[in-house]
Amino acid sequence: MLIRFEEFKTNLSQIRAKIADACKKAGRTEESVRLLPVTKNHPVDVARYSWDAGLRAVGENRVQEALGKMDDVDPALSWELIGPLQSNKAKRVAEKFGRVQTVDRAKIAKVLDRHAGEAGRVLPVLLQINAGRDPAKSGAELEDAPTLLEAALECSNLRVDGLMTIGALSDDLDVARRCFASLRECRDELSERFGVALPELSMGMSGDMEEAILEGSTMVRVGTALFGRRVYA
Ligand SMILES: *Cc1c(COP(=O)(O)O)cnc(C)c1O
């Protein structure tokens with residue numbers, strides 16, 4: 001069922017309070033963490049809710065689903081791709097998305113670069129890293145991160161903002177926290193080795209955002225805690 005706007009606003013305040021608490025605990029400012037509402041598997045209404053609440057970007061994990069929603073929301077809303085990307089969809093993605101968080105191999109970086117160039121734009125991206133070494137999760141292996149970054153930096157129509165990971169799935173939140181710490185360490189090493197800032201660390205979801213913020217997350221991607229159970233699969 002579609003959540004009501006008032007209910008969404010209540011959830012939003014609770015999440016903001018949670019983010020503020022975690023920032024305080026980490027000795028960070030509240031402004032250092034942005035909230036990315038994840039609207040996947042929900043009707044387009046929740047993207048409009050996000051816009052009406054002042055949020056300016058949303059996350060979607062399927063290209064087709066996102067493209068189908070874009071025309072029904074203010075065109076200034078930015079759409080970030082947080083799901084796997086195949087080459088045959090790269091053209092539409094490079095034209096229509098505000099950022100791609102899931103660049104996990106050199107080949108897709110090159111294809112996006114070419115299409116972004118043809119579209120006359122520079123496309124912001126994050127490199128997705130399997131920081132938890134979870135065989136079920138996508139993302140480049142930690143060992144392959146330098147090669148991937150090197151390839152992405154050669155793409156003049158891409159701007160590499162930082163890294164993204166999906167927290168290791170476990171009942172033990174310490175496991176997720178170690179995964180987030182690994183992503184931060186990976187960023188620090190890459191940053192030093194390549195002399196680039198890579199400021200964005202997209203990590204943390206509904207169930208593990210506090211752990212992510214304690215380890216340096218700059219963007220938490222939140223679906224369920226904002227919009228409730230996903231409406232369709
Ligand atoms: C679905 C999804 C989220 C949001 O997950 P919730 O647990 O609903 O907050 C975050 N990141 C990615 C990559 C996702 O696919």
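In each ligand, atom 1 is the first atom listed, and ligand 1 is the first ligand listed. All values below were derived from every heavy atom in this structure, side-chain atoms included, with hydrogens, water molecules and symmetry-related copies excluded. Here, residue 1 is the first one in the sequence, and each next residue gets the next number.
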Expected rows: ligand 1 N/O, protein N/O, dist below 3.5 Å:
residue: ligand 1; atom: 8 (O); partner: T224; partner atom: N; Å: 2.8
residue: ligand 1; atom: 8 (O); partner: T224; partner atom: OG1; Å: 2.5
residue: ligand 1; atom: 8 (O); partner: R230; partner atom: NH1; Å: 2.8
residue: ligand 1; atom: 8 (O); partner: R230; partner atom: NH2; Å: 3.3
residue: ligand 1; atom: 9 (O); partner: S206; partner atom: N; Å: 3.1
residue: ligand 1; atom: 9 (O); partner: S206; partner atom: OG; Å: 2.5
residue: ligand 1; atom: 9 (O); partner: G223; partner atom: N; Å: 2.8
residue: ligand 1; atom: 11 (N); partner: R221; partner atom: NE; Å: 2.9
residue: ligand 1; atom: 15 (O); partner: K40; partner atom: NZ; Å: 2.6

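In this structure, E6 does not pair ionically with K9, as no charged nitrogen and carboxylate oxygen lie closer than 4.0 Å. Contact check on E189 versus R184 returns no salt bridge, with no Lys/Arg side-chain nitrogen under 4.0 Å from an Asp/Glu carboxylate oxygen. Ion pair E60/K40 not flagged as a salt bridge, since none of the NZ, NE, NH1 or NH2 atoms sits closer than 4.0 Å to an Asp/Glu carboxylate oxygen. Salt bridge status for E118 with K91: absent, with no side-chain N to carboxylate O gap under 4.0 Å. Classification of D21 and K18 as a salt-bridged pair fails, no side-chain N sitting under 4.0 Å from a carboxylate O.
Ring geometry for F8 against F227 counts as parallel: the plane angle stays under 30°, on a 0 to 90° scale with 60° as the upper cut.
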